Enquirer: 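Could you have a look at this structure, given as structure tokens, before my questions?
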Amino acid sequence: MTRSDRAIVLVGDVVGSRRSAGETAEWLRAVAADLEARFADVRLAPFGFTQGDELQGLLDLAADPFLAVLATGLRDDARPMRWVVAVGPVEAGRGPATERGGEAFVVARQRLTAAKAARDGLAVVTGDAAANALFDDVAPLLATLVTDLTPRQRTVARLILVDGVRQADAAERLGVSRATVSVVAGRGRIREIGRLARAFRRVFAEAVAAPAATPVAGSAAGSVLMAADRPT
């Protein structure tokens, strides 16, 4: 595989979705449409979801997968989700992400199984061992901070972290004082969530830009060889 064959596989699994399968499907349809619009310029295949309530996306290496985590987790109708971001080779093809394949998809599914066992809300796998180790330790924290937000905190966080609105403008949109937004943001640790997401983006971009290492999977998922490095 050449570097041009590498891409970002994004998988989001709805936690406890079997309790309301019909409603979950409608919700995933709305989420997929939202992500289609947000990633229109950098997605390599349409977003889709499976009967097992897994949302799947295939993104260009220049994309920001953490935007998907934040945009979905900060929706007014947000549902608990478990996310996996995996970078690696993908097979050429057409159709939605749910119909595509390749090493990165295999790694993403393996890592999702490991994340479920560990009850981690976010796992990130790059081609860089040091970055993988870092994400193994701290990636779940971002998901936990987002999940723990109250509905009001999610609304403020979405404006600030996803829409890029300043606190003063967020206050105007919500019809409240800037002080109120500041208090809500402080109690929800929204500034800290933003700083963590920015750090993740920086580490992720550096790992993606570096020469791809042999191990594709993170330590929690075990070592998986890239297709080009497997013995014949």
Side-chain angles (χ1 to χ4, degrees), residues 7-60 63-88 90-91 93-102 104-125 139-140 142-151 153-155 157-159 161-163 193 197 200 204 221:
I8 300 170
V9 170
L10 181 68
V11 178
D13 180 52
V14 182
V15 178
S17 60
R18 293 182 180 179
R19 291 191 293 269
S20 54
E23 293 179 3
T24 299
E26 286 300 314
W27 184 79
L28 282 171
R29 191 169 289 109
V31 170
D34 176 62
L35 296 180
E36 276 289 303
R38 293 184 185 278
F39 290 92
D41 296 334
V42 288
R43 64 115 166 115
L44 301 179
F47 282 86
F49 60 93
T50 68
Q51 291 184 346
D53 296 330
E54 279 184 17
L55 177 73
Q56 297 183 10
L58 183 61
L59 307 175
D60 185 87
D64 171 18
F66 304 107
L67 173 61
V69 176
L70 291 175
T72 305
L74 297 176
R75 291 172 61 94
D76 289 334
D77 60 350
R79 297 189 176 201
M81 292 193 74
R82 180 172 288 110
W83 292 93
V84 172
V85 177
V87 178
V90 297
E91 296 173 356
R94 297 181 179 180
T98 51
E99 298 177 5
R100 305 293 289 275
F105 281 94
V106 173
V107 170
R109 294 187 182 102
Q110 291 177 338
R111 194 64 181 87
L112 181 62
T113 299
K116 287 180 179 179
R119 296 187 178 181
D120 289 340
L122 173 62
V124 182
V125 185
L142 180 63
T144 298
L145 289 172
V146 171
T147 300
D148 287 347
L149 293 175
T150 66
Q153 290 167 351
R154 281 202 306 269
T155 298
R158 184 177 66 252
L159 289 172
L161 301 179
V162 177
D163 297 338
I193 293 174
F200 282 9
F204 184 80

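From a predicted model like this one, the values you see are computed outputs, not experimental measurements. Sequence positions, counted from 1, serve as the residue numbers for this chain.
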Enquirer: Would you say that L44 contacts V90 through its side chain, given a criterion of any heavy-atom pair below 4.5 Å between the two side chains?
Expert: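 Answer no - side chains too far apart.
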Enquirer: Quick check for you: to the nearest 0.5 Å, what is the distance between D148 atom CG and R154 atom CZ?
Expert: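 Here the interatomic distance stands at 11.0 Å.
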Enquirer: How long is the straight-line distance from OG1 of T24 back to CZ of F49, given to the nearest 0.5 Å?
Expert: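 If I round to the nearest 0.5 Å, the distance is 10.0 Å.
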Enquirer: Give me the atom names and distance for the closest heavy-atom approach of L112 to E54.
Expert: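 So the minimum-distance heavy-atom pair works out to CD2-OE2, 3.3 Å.
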Enquirer: Any heavy-atom pair between the side chains of V42 and I8 that's under 4.5 Å?
Expert: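 Not in contact.
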Enquirer: What residues, two or more places apart in sequence or in another chain, satisfy salt bridge (Lys or Arg N to Asp or Glu O under 4.0 Å) together with D64?
Expert: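 Residues passing salt bridge (Lys or Arg N to Asp or Glu O under 4.0 Å) with D64: R201.
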Enquirer: Could you tell me which non-hydrogen atom of P96 sits nearest to which non-hydrogen atom of A45, and how far apart they are?
Expert: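 Of all heavy-atom pairs spanning P96 and A45, the closest is C-CB, 4.0 Å.
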Enquirer: Treating R79 as the side-chain partner and V14 as the backbone partner, does any N or O pair qualify as donor plus acceptor under 3.5 Å?
Expert: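 Not confirmed, R79 side chain does not pair with V14 backbone.
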Enquirer: If you apply the rule side chain to side chain contact (heavy atoms under 4.5 Å, CB included), what do you find for R109 with V11, and how did you get there?
Expert: CA-CA 8 Å; R109 294 187 182 102; V11 178; 5.8 Å; no
Enquirer: Could you work out, with side-chain hydrogen bond (donor to acceptor under 3.5 Å, both in side chains) as the rule, every residue matching R82, not counting sequence neighbours?
Expert: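 Listed in chain order: nothing, the list is empty.
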Enquirer: Going by the rule ring pair (Phe, Tyr, Trp, His ring centres under 6.0 Å), which residues pair with F204 if we only count those two or more places apart in sequence or in a different chain?
Expert: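 Counting only residues at least two positions away or on another chain, F204 forms a ring pair (Phe, Tyr, Trp, His ring centres under 6.0 Å) with F66.
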Enquirer: Just do the side chain to side chain contact (heavy atoms under 4.5 Å, CB included) check on W27 and T72 with the steps written out, would you?
Expert: CA-CA 11 Å; W27 184 79; T72 305; 3.8 Å; yes
Enquirer: Rounded to the nearest 0.5 Å, how far does CD1 of I193 lie from OG1 of T144?
Expert: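 The CD1 atom of I193 is 10.5 Å from OG1 of T144, to the nearest 0.5 Å.
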Enquirer: Return the set of residues passing salt bridge (Lys or Arg N to Asp or Glu O under 4.0 Å) with R29 (not counting sequence neighbours), or none when no residue passes.
Expert: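 R29: salt bridge (Lys or Arg N to Asp or Glu O under 4.0 Å) contacts with E26.
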Enquirer: Calculate, to the nearest 0.5 Å, the distance between atoms CG and CG belonging to L74 and L149 respectively.
Expert: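 Interatomic distance, L74 CG to L149 CG, rounded to 0.5 Å: 6.5 Å.
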Enquirer: Quick check: closest heavy atoms across R75 and A30, and the distance to 0.1 Å?
Expert: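 Closest approach of R75 to A30, heavy atoms only: NH2-CB, 3.8 Å.
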Enquirer: Identify the heavy atoms of A108 and A86 that sit nearest to each other, and give their distance.
Expert: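 Taking every non-hydrogen atom into account, CB-CB, 3.9 Å.
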Enquirer: Would you list the pairs meeting salt bridge (Lys or Arg N to Asp or Glu O under 4.0 Å) in which at least one residue belongs to residues 38-49, sequence neighbours left out?
Expert: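 Applying salt bridge (Lys or Arg N to Asp or Glu O under 4.0 Å) to every pair that reaches into residues 38-49, excluding sequence neighbours, yields D34-R38, E36-R43.
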Enquirer: In chain order, what residues pass the salt bridge (Lys or Arg N to Asp or Glu O under 4.0 Å) check against D76, with sequence neighbours excluded?
Expert: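 Testing D76 for salt bridge (Lys or Arg N to Asp or Glu O under 4.0 Å), a comparison that skips the adjacent residues, returns R158.
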Enquirer: Which pair of heavy atoms, one from L59 and one from P65, lies closest together, and at what distance?
Expert: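 Nearest heavy atoms, L59 then P65: CD1-CA, 4.4 Å.
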Enquirer: Could you check D13, V124, L142, L122 and say which one makes a side-chain contact (heavy atoms from CB on, under 4.5 Å) with W83?
Expert: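 Output: one option passes, namely L122.
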Enquirer: Between G121 and A143, which heavy-atom pair has the shortest distance, and what is it?
Expert: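 It is C-CB, 3.5 Å.
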Enquirer: With rounding to the nearest 0.5 Å, note down the distance linking CD in Q56 to CG in L35.
Expert: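 Between atom CD of Q56 and atom CG of L35 there are 13.0 Å.
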Enquirer: L58 versus F105: any side-chain heavy-atom pair under 4.5 Å?
Expert: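 A side-chain contact under 4.5 Å exists here.
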